Amino acid sequence: MKAKTIVALFVVFAVAAWSPGAWAQGPIKLGVQAPQTGALAKHGQEQVKGIRLAVDEFQKKHNVQVDLKVYDDESDAQKAAASIEKLAGVDKVHAVVGGYGSHLVGPASEAAERYDTPYFTTGAVDRKLSAKKLKNFFRLNHMPGYAAAQSGAIKEALGAKKVGILYNSLSATAEIAQEVKDQLTAKGVEVPVFEKFEKGTTNFKPLLLKVKDAGCDALLVEGYFPDYVGTIKDAKILNLPVKAYVGAWGIGTPEFVRELGPMSEYVYGTSIWEMGTAPKEAKEEEAAMVAAYKEKFKEEPSYIAMLGYLSGKYMLEAILKGGKASGSYSPEKTREALRSLDVMSPMGRIAFDEKGDPKYFTAALFQTQKGAQVVIFPTDRKMGEVVYPAVPWGAK
Amino acid sequence: MKSRTNGEGLRDKVAGANPAPVTIAPMTQPATGATLLEARDLSKHFGGLRAVASISFRVRQGEIVGVIGPNGAGKTTLFALLSGFLPATSGEVLFEDAPILGLRPDTLCHLGMARTFQVVRPFPEMTVFENVKAAAVFGKQGRRSNQEILSDVEEVLRATGLAPLAGQHPPSLSLPQRKRLEVARALATRPKLLLLDEVLAGLNPKEIQEALPFIRSLNEKHRVTILMIEHNLRAIMGVCQRILVLNFGQLIFDGAPSDAVEDARVIEAYLGGQQHA
Amino acid sequence: MISATSVVQSLLSGMAEGVNYSLYCLGLAFVFGIVRIINLAHGEFLVLGGYIAYWLLVKWGVNPLLALPLAAAMAGVAAFVSYRVFLQRIRTSSELNTLILTFGLGIFLANLYLQLWTADIRNIGVDWMEQPLSFFGIYVSVGEILTILISLAVVFGLYFFLTRSRTGMAIRVTAIDRDAAALAGINVERVDLVAFTIGGLLAGVGGPLLGMLAHISPGAGLHITVKAFILTVLAGVGSIPGLLVAGMILGVGEALTVTFINASYRELFGFALFIAILVIRPSGLFGRRL
Amino acid sequence: MLEVKDLSVRYGDAHVITGVSFQAARGAITCILGPNGSGKTTLLRCITGLVSPASGRIMFDGQNLQGKKPHEIVRMGLIMIPEGRRLWPPLTVEENLKMGAYLVNEQARIDGQLSYVFDLFPHLGSRKNQLCGTLSGGELQMVAIGRGLMGFPRLLLLDEPSLGLAPLVVREVFRAVEKIVDAGTTVLLVEQNTQVALSVAVYGYILEIGSIALESDAASLRENSHVKEAYLGL
Amino acid sequence: MGNLTRAFVSERTAGCIVTGFVLALPFLLSFNPYYTSVFVSALILGAVAIAWNLLAGVCGQVSFGHAAFFGIGAYTSAVLVTKWGFSPYLGLVAGGVFGGLGSLIIGIPAFRLRGPYFALAILGFAEVMKLLALNLTWLTEGSLGIMNIAPLPPLEVGSLKIDFYASRTTNYYVVALLMFAVYLVVYFLRRSNLGLAMSAVHGDDETAAGIGVNVFRTKAIALTVSATCTGVMGAFYAHYVRFLSPDTAFDGYWSVMPIVASLFGGMSALIGPMAGALVITGLDEFVFKRFFETGHKLFFGLLLAVVIVWAPTGLLGNRVGKRSEGDKR
């Protein structure tokens, strides 16, 4: 009896699963693998919004239909790889964009390589990802670009002598913390406090007191939104005597300013892109994207959305270009097209090296001044003067 | 005055249902065997309550000894102490002249002491056969062939009348059958001493009448010494050669059943102390 | 080197954190002690309270402290409905079943919040509550003092409710001896429902505080549930004042681990303590007394 | 006042009570006697709604108790003092007593009944702020009876009040029970202490292995040698 | 004999059906790599669930922290293979051995605890293990995780080369093989005298001790075997996903889902947990996800609650949570 029920159920699944892969020539099939649920859901969702915008624009511009398939990897490594199996193996997409978190992108990019499908991510900065030298792997941002902006600004723009680094134990933050520490030490800046905390930490006072007792000029927090909120609130209570507060990424964003109000003022942060930070050549593109984004989603785009947008845009262009060159959309031609890319974008110049890493990527270091992000480093992208010493908890 | 049982008086019921004292006679032969179990000054305190207070007694090989006493007299606690389920506060217990206090229940079982529980506790997920087999496998130390174990199990099942039910699961058995299973399981460990905790409770008079010869046969055929707790006095009178009476944790009587019912302290314990309230 | 003032400050921060921990776990401990259900959806009830306060603040500028009653009430309603629809039906089955059931409810609620309120991380910030005060070189904020007072008030309020009020006493005696309570005329089934609902209310009070002191997000509940469970075991089932002490031990222990060892061993401290207590003294530090 | 007809109770398939019928007359003490394990406690649990019967009928004051929950039965004025007292040890004597009046709403009635209980057991007055965990057996039994009285019972069910008590204390407890009856409460007493029970009761039933074996007025039961035999198995 | 009861017959039938189904599944899915990889995960889960059920369903000791043994197994193999160049096949064995050894560390103190306390002590242990994996950076690479873990090396049988890198189907059959190995271990253990002892301990550990069963040793064996099987599956996972981080290896998923699968499939039949794992995966993949792409977990939570309340015996029936009738407390 029960056995029959099971068999029946299985048969239903099997039939439901049977979807013969049709091979239509016309439309470009673009796959997206990104976390829509689970720990990284927020970032994945923004990423996908950016990609959707890019698809809309591309369809309008080239009058080529794009079949977009979005699969949720549930912030889980196994599901990430499985999503690629589905996109590349079943839906036979021409390329995949998305991917957030090095631990998800790792298995996913491996899977894409197995299917010889170009994989273009905007959310994984771990060095080891490109060390594998996968031929289908491309990304817009990577670790050294972030670290250089931070250590450079701390040494040159702020002139801090002693820096306390607190970092979230998650992989990306742990990696950048180590990188920045090495660069700072090489530049002769002391790092007396270098400590890892776990996600979910809410009482930062004991950590901040260590920074205080070590007499640091600057506090560098390599973390995520909750960590910034926690450290800034606790630093305010302790009246922490440092001269600058630097965050890694995701700080100073509109959401950050919205949630923290006056206490978002004067923070330093690295960003790939924020409203108004585009180089001159790409100002127009920036404005158009922001306008279209606001129109479509009724909110401001974050840098993650921008990254998603750019990855979608350049990937589609590459597929089309490769396809025009050869008559069909082949992975080889798409790769070639991507490798020959060299453009100015709202996040700066984009070109890839042979490992798929961005050749020219450097993040900018900005300071939030009156709720706006003012780039202060590197000097060639400088938008305004640095306010130093100044900390968010000193703001009125 | 009216009696509910077909107009019979209580005495009629007793006489009709139970073998007369004469038939019990063979059972009351004095046991002459060596001492199998001995408790010396055994005590158990729970906080301020003395559940078992300095009890000493012996059980000889081949005896059937009853333990009676009103509710809360400490009978079950005494059993738990003897069988290693509770640590004693003070005193000593010897089994075949070796001290056994502090040994784990499974070790005691290997030494030859098995017990049943007041509320039957069969293993519900296992068949009757498996219940008994588990006891046969683990009850004695040392490897035995599967053949030997199986023949043991079959013998026990036959002896306890459970053979036709071997494939059933305990929840489908009737209460008397489950009580038998409880005993069968203990028996399958091949004990020298069997501690029976109210095996007759919950059975109706007819079922009790059927159970008594069974207990006697365990003693006779399987040469098992038995120490049994019972609430049902009549039953224990018919089967035991000697009874121990507990009240308020103390041993107030140790002797032949026929003497117990004449003993003033026993009567007081059972019927209440005050003749004039 | 670490200065003496810093050690004291760290210690105090741990105590403050600990008091709030006890508030976060109060509902779980209460329900476990009375109804014998380990409510794995506890954290989600708490997060619900947090969202209520957040939206009241963002939409109408309601001070989160004033939002406490509504936050508690909504979480209480969620608990009430969960109990009536699901838990009541398996009240007499095994503990494992209630564990799985509440776990399922937790997943459901967390994903429901995700759909309703997006994955954004929310922080409840009120400027005047974030102002620091200084005493002899030791700093605290107005909000911290307030939240500690609220936590203490709720913990002691519950304690007095249980020991002084008629309903509270009924709940308490039902937990001690269910039959005796029924024989005294107490509707013990209703007590279960009421107690579970109160557990939800208590969780709801914790939400706005969590949002003020840290942050809330749809998935934040599980972490709270785990912390709450550690504390419940640490304190010993049924001991409400014991929760405060256990909270402090955990909070202070975590803070001092950071100060003297390393921040990355903070969580390890909690779990090591949890296992040690389970193994050495399964009844917890304060045994079973209501 | 209470009439039980053909009541049977089972646990699983164990027949604990089979076809029991009896009555408790208004304003008097009726006792049910029986050795351990005869089903007395189960019978009471069934009357008070803690256990559902397999069959049979329980009428209290002309109302059928079928399907009623324990607290509803208490509200009707049928209150049991359970075997082993079942007090709440972490509560004080006074708190225990007050919880007995859980269904009573007027404070004045509660206070009045409280002083009635302390009159009945003067000994308890000096201990009213003591935790119940620290009392002696006799005191516990008095608190238990007191707690039952706090609910204004019309019928009080006493389950083995003499259990584990010294003879002198038993006498004290039973004297109080008689006073309670004099004050107009009906009592159903379940005992294994035959002597004491029969000295206060007007009518008695002997329960044996789940059914009534004998019933008679207390005086004849006292004289009846069968009672003793039933217990001692002669 | 009488010991081949109806329960066993249905176990056998169910076993055959599930076996047949597992073998045929890739054909049914027309070797669609995505679905195949989804069911690779399902089989890993199924194997862990069978192992979990040895401890819980057979021996009666519910664990809430099997992620501990899964993670230990995964990390053992990953570290041995990437750092010291062991063969991944040896890694599978080592993963099992270390999973088993790890279980003794917590088992010895925790067996004194009962019911939920035992379950949660193991949960605590899993968290401790996760935190150690996070902090013992020299060994585990900390939160960065271990990447590029070698896949199982290809097997050459005559002219046939079985490749585990590119093909999901070969992985599927390997994991199916591992799962049946776990099933057979549990099946034969259950039928052995030790299994009898475990069932006895499950029924009532005091009574079991009373008939001579060494309760502690029996529980320890059940836990060790269960943890060893779980460790092997963890090791396989490491070489299948090829990336490990503390968060993925010690994910609460591996503690919770085996329980869910077992309850869903039924705990009294050994094959129940396996069936449960397949059905849950199928439902989530083919029903909930189609219904509600981003919110499918919502249904999952609700389904769990509904199943517990309205179908508490699972697909193949279990006997958890029975109470005597008549007692309406």
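Chain naming here is simple, since letters A, B, ... match the order of the sequence lines and numbering starts at 1 in each. Being a predicted model, the structure only gives us computed values, none of them experimental. Hydrogens, waters and symmetry mates play no part in the numbers below; they use all other heavy atoms, side chains included.
- Around the CZ atom of E:Phe98, the shell of radius 6.0 Å holds no more than 12 heavy atoms that belong to other residues, nucleotides or ligands.
- Proximity to chain E involves both the backbone and the side chain of C:Leu112, based on heavy atoms less than 4.5 angstrom apart.
- The choice from E:Leu134, E:Val256, E:Leu120 that makes the most heavy-atom pairs within less than 4.5 Å of chain C is E:Leu120.
- Using a 4.5 Å cut-off between heavy atoms, E:Val309 touches chain C through backbone and side chain atoms alike.
- For a residue to count as touching a neighbouring chain, one of its non-hydrogen atoms must lie under 4.5 Å from one of that chain's; by this rule C:Phe274 touches chain E with the side chain only.
- When all heavy atoms are compared, the tightest approach of C:Ala29 to C:Thr232 is CB-OG1, 3.6 Å.
- Interface residue C:Ile90: only side-chain heavy atoms are found under 4.5 Å from chain E.
- Of the listed residues E:Leu304, E:Leu123, E:Asn135, E:Ile122, the one with more heavy-atom pairs under 4.5 angstrom with chain C than any other is E:Asn135.
- Looking at C:Ile277, there are no atoms closer than 4.5 Å to chain E (heavy atoms on both sides), in backbone or side chain.
- Neither the backbone nor the side chain of C:Phe269 comes within contact range of chain E; no heavy atom of the residue lies under 4.5 Å from a heavy atom of that chain.
- With a 4.5 angstrom heavy-atom cutoff, C:Ile230 does not touch chain E via any of its atoms.
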Step-by-step salt bridge (Lys or Arg N to Asp or Glu O under 4.0 Å) determination, E:Asp251 to E:Lys130: CA-CA 8 Å; E:Asp251 193 343; E:Lys130 183 202 236 174; over 6 Å; no
Stepwise ring pair (Phe, Tyr, Trp, His ring centres under 6.0 Å) test for E:Phe111 and E:Phe118: CA-CA 7 Å; E:Phe111 279 134; E:Phe118 173 81; 5.4 Å; yes
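- Interatomic distance, CD of C:Glu44 versus CG of C:Asn111, reported as 9.5 Å (0.5 Å rounding).
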Verdict with reasoning, C:Tyr21 to C:Glu254, per side-chain hydrogen bond (donor to acceptor under 3.5 Å, both in side chains): CA-CA 12 Å; C:Tyr21 279 165; C:Glu254 285 182 353; 2.7 Å; yes
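- Side-chain contact of E:Asp247 with E:Ser245: a donor-acceptor pair under 3.5 Å is absent, judged by distance alone.
- Most heavy-atom pairs under 4.5 Å with chain E, from the set C:Leu87, C:Ile38, C:Leu105, C:Leu99: that is C:Leu99.
- Contact count versus chain C (heavy atoms, under 4.5 Å) is highest, among E:Phe64, E:Phe300, E:Phe299, for E:Phe64.
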Full working for salt bridge (Lys or Arg N to Asp or Glu O under 4.0 Å) between C:Arg36 and C:Asp192: CA-CA 9 Å; C:Arg36 310 299 296 174; C:Asp192 290 338; over 6 Å; no
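- When heavy atoms are compared at a cutoff of 4.5 Å, E:Leu113 approaches chain C solely by way of its side chain, counted from C-beta outward.
- The part of C:Ile280 that comes within reach of chain E is its backbone (N, CA, C, O), which places non-hydrogen atoms under 4.5 angstrom from that chain.
- If you look at E:His66 and E:Phe69, their ring centroids are closer than 6.0 Å.
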